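Everything on this sheet refers to the single structure shown next.
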Amino acid sequence: MPEQHDLHDPVPTRAKVLVIGAGPAGLAAAAALKALEVPFDLVDRAKDVGGIWNLQREDSPVWPALEMVSSRESTQYEDMLQPVSFPEFLTPGQMAKYLRAYAARHELTAHFRPGVEVRSARPFEDGVWQVELSTGEIHVYGAVVSAHGIAERPHRPAWASEVGHGTRVIHSSQWNGADGLEGQRVLVVGSGQSAADIAVDAARRALEVQWSVRTGHWVVPRRIAGTPGDVLAAREPAVLGRLNGRIAEAVVSRAAGDPASVGLPAPTAPLLEDSVIVSDDVLDRVREGRITPVGAVTGVEDGRPVVAGLGPVAADLIILATGYETGAGHLPEGVVPRTSSGDLDLFLGAFPRGRDDLVVLGQQRVTGGVLPVLVEQADVAAYLLRARLDGAAGSTGTGIEQFRRLRAGSDSAVPTAPAPGTGGEGLRGRIGSLLGGGARRPAAVEGTGERLVPFTDREQLLARLRTVRSLLF
């Protein structure tokens with residue numbers, strides 16, 4: 001296996017970690033590795049950092065008018081706050097600017113190779129990965145952090161290929177906004193956040209918007225009593241148990257209304273167990289008649305989608321907000337085992353069981369900002385890879401041994417109580433300070449059996465990650 005590397009770089013790739021993807025997850029991983037002086041390279045097929053928030057990317061599922069559903073507090077790294085001039089809920093352009101500033105602050109661009117795609121990353125033995133790049137180069141790396149995010153594999157239901165040629169069918173990842181929809185009939189298919197956001201956006205211009213909803217979810221506003229909803233969720237006192245859930249449902253119902261009262265399916269799970277939709281507008285647009293809820297699509301007849309209770313419906317444009325499939329094209333199938341339900345078998349959502357040389361970031365969906373989760377996963381990954389560098393594959397430190405024992409078992413075996421003295425401060429925050437510088441279970445994603453990216457309870461996952469991090473540092 002030939003190995004190539006920059007002649008000006010004294011560290012051979014065999015002694016480095018390859019970070020694939022320069023979005024929020026990849027930048028978190030790169031910053032954590034740099035803080036622990038672990039050599040790495042960072043690559044991305046795009047010409048700049050930012051991942052899906054880089055609006056210049058043709059494959060970005062984000063559009064300029066998108067309204068973020070997570071607040072500023074949940075969309076910032078612990079060692080670099082969002083500018084005070086930014087609003088409480090950022091625009092995509094502001095988030096992209098913030099990520100570029102973060103990469104510059106940590107000098108990550110010195111390790112970044114833009115416009116480079118990883119065609120394949122294949123393990124041959126522990127700590128030996130052959131990586132083929134779109135440039136034609138082949139390198140051998142010691143470990144891989146696959147931070148490709150959740151938007152790499154758009155899921156299209158089987159019936160979509162049977163729709164007649166007179167109807168345009170796109171996935172939500174291809175949505176660029178409502179311009180040009182005047183006079184058109186639009187059918188949005190999907191029950192989650194993207195479907196709601198796109199239906200609201202399309203209703204600004206389209207003649208008619210029908211929203212095909214299979215599963216009912218709670219709809220919550222961005223702010224409750226003036227406080228961002230994700231901030232309140234993080235502070236939710238688990239000790240109140242079921243009583244707290246009933247209180248939360250009463251508050252949300254008063255603030256936003258009952259989805260079933262406007263014709264949407266009733267939520268199938270209690271609020272604190274639901275993968276909620278965060279929107280200030282969708283219920284109002286339904287009440288106004290600008291969005292019409294309809295049943296699930298059951299098939300196609302004469303080139304038209306068949307909607308439960310309505311039969312074949314006419315549409316000029318169908319938007320499939322049907323989620324994303326897990327996995328990555330650059331990793332061979334089977335490198336990350338799957339559970340009996342088809343989900344990737346990742347300890348704490350990031351660590352393949354039995355491997356110390358592979359980390360997979362960003363393969364969960366959460367209600368609220370995901371950035372705190374990515375930061376915690378990146379910290380644990382950096383500790384693990386630092387231990388590998390210090391002691392090779394035979395690392396036997398107490399913390400590493402404990403980590404491996406926990407990784408071999410169930411996530412539920414990891415305590416969720418915060419480790420004493422750790423607080424919420426992670427790797428870069430801790431280093432900066434040294435230098436002076438109850439749980440909710442969101443329901444499974446719609447489409448069980450289709451290997452879609454699952455929802456995860458954010459606060460529970462964060463608590464477990466912090467427990468594991470305290471073992472390593």
Side-chain angles (χ1 to χ4, degrees), residues 21-24 44-70 75 87 89-100 114-115 117 148-157 160-161 163 165-213 222 277-282 285 290-292 297 305 314-325 362 365 370 452-453:
D44 196 293
R45 67 170 69 98
K47 296 181 180 179
D48 203 348
V49 302
I52 64 171
W53 301 105
N54 180 358
L55 296 178
Q56 305 305 313
R57 292 179 61 144
E58 293 184 358
D59 59 347
S60 172
V62 173
W63 64 95
L66 174 71
E67 295 184 67
M68 295 184 69
V69 298
S70 56
T75 51
F89 291 89
L90 278 62
T91 66
Q94 288 167 333
M95 188 62 185
K97 183 177 181 180
Y98 171 76
L99 293 172
R100 291 194 297 269
E117 183 173 3
H148 56 279
I150 67 170
E152 182 171 295
R153 293 181 166 184
H155 174 71
R156 297 171 67 94
S161 62
V163 174
H165 296 297
T167 299
R168 187 161 62 104
V169 181
I170 65 172
H171 190 269
S172 58
S173 59
Q174 299 169 279
W175 176 256
N176 290 317
D179 290 348
L181 291 184
E182 291 80 1
Q184 294 196 24
R185 297 162 298 178
V186 175
L187 175 65
V188 180
V189 180
S191 303
Q193 185 70 52
S194 294
D197 287 341
I198 290 173
V200 169
D201 196 32
R204 296 188 300 108
R205 298 291 182 87
L207 173 66
E208 176 185 75
V209 176
Q210 292 183 309
W211 181 14
S212 171
V213 186
R222 284 178 172 78
I277 293 171
V278 181
S279 178
D280 297 326
D281 305 306
V282 69
R285 298 296 89 81
R290 294 165 67 183
I291 298 173
T292 302
V297 175
D316 300 298
L317 172 65
I318 299 175
I319 304 158
L320 304 172
T322 47
Y324 297 87
E325 299 173 9
R365 300 174 65 193
V370 73
L452 302 189
V453 176

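Not measured: the values here are computed from a predicted model.
Separation of atoms CG (Leu452) and CD (Glu325) is listed at 6.5 Å; rounding is to 0.5 Å. Here Gln174 contributes atom CD and Arg168 contributes atom CZ; the two are 9.0 Å apart, rounded to the nearest 0.5 Å. From Asn176, atom CG reaches atom CD1 of Ile170 across 7.5 Å, with rounding to the nearest 0.5 Å. Rounded to the nearest 0.5 Å, atoms OG (Ser70) and CZ (Arg222) are 9.5 Å apart. Within the model, atoms CD1 of Ile319 and CG of Leu181 stand 7.0 Å from one another, a figure rounded to the nearest 0.5 Å.
Partners of Gln94 according to the side chain to side chain contact (heavy atoms under 4.5 Å, CB included) rule, which considers only residues two or more places apart in sequence or in another chain, are Phe86, Pro87, Leu90, Thr91. Residues passing the side chain to side chain contact (heavy atoms under 4.5 Å, CB included) test with Val370 are Val366, Val373, Leu374, sequence neighbours excluded. With sequence neighbours excluded, the residues satisfying salt bridge (charged side-chain N to carboxylate O under 4.0 Å, His left out) with Glu117 are Arg45. Partners of Asp48 according to the side chain to side chain contact (heavy atoms under 4.5 Å, CB included) rule, which considers only residues two or more places apart in sequence or in another chain, are Asn54, Arg100. In this structure Asp197 satisfies the salt bridge (charged side-chain N to carboxylate O under 4.0 Å, His left out) test with no other residue, sequence neighbours excluded. Qualifying side chain to side chain contact (heavy atoms under 4.5 Å, CB included) partners for Pro154, counting only residues two or more places apart in sequence or in other chains: His171, Ser173, Tyr324.
Checking side-chain atoms of Asp316 against main-chain N and O of Arg185 turns up a donor-acceptor pair under 3.5 Å. Using modelled atom types, one side-chain atom of Thr167 and one backbone atom of Ala315 make a donor-acceptor pair closer than 3.5 Å. Judged purely by atom type and a 3.5 angstrom limit, Thr322 uses its side chain to pair as donor or acceptor with the backbone of His155.
Under the 4.5 Å side-chain criterion, counting only non-hydrogen atoms from C-beta, Pro157 is not in contact with Val297. Residues Trp63 and Asp179 fail the side-chain proximity criterion, which asks for heavy atoms closer than 4.5 Å. Val49 is not listed as a side-chain neighbour of Asp44, based on a closest heavy-atom distance of 4.5 Å or more. When side chains are defined from C-beta on, Arg156 counts as touching Val169, because their heavy atoms get closer than 4.5 Å. Contact of the Gln193 side chain with the Ile277 side chain is registered, since non-hydrogen atoms from C-beta on lie closer than 4.5 Å. Side-chain contact between Met95 and Val62 is absent, with no heavy atoms from C-beta onward closer than 4.5 Å. The shortest side-chain heavy-atom distance between Tyr98 and Thr75 does not fall under the 4.5 Å cut-off.
Across all non-hydrogen atoms, the minimal contact from Gly177 to Asp201 is CA-OD2, 3.4 Å. Here the closest non-hydrogen pair linking Val188 and Ala195 is CG1-O, 3.6 Å. Nearest heavy-atom pair across Ile318 and Pro305 is CD1-CG, 3.8 Å. When every heavy atom of Gly93 is checked against every heavy atom of Leu55, the shortest pair comes out as N-CD1, 4.3 Å. The shortest non-hydrogen separation linking Ala178 to Arg204 is CB-NH2, 3.8 Å. Here the closest non-hydrogen pair linking Pro24 and Trp53 is CG-CD1, 3.9 Å.
Around the CD atom of Glu182, the shell of radius 6.0 Å holds more than 12 heavy atoms that belong to other residues, nucleotides or ligands.
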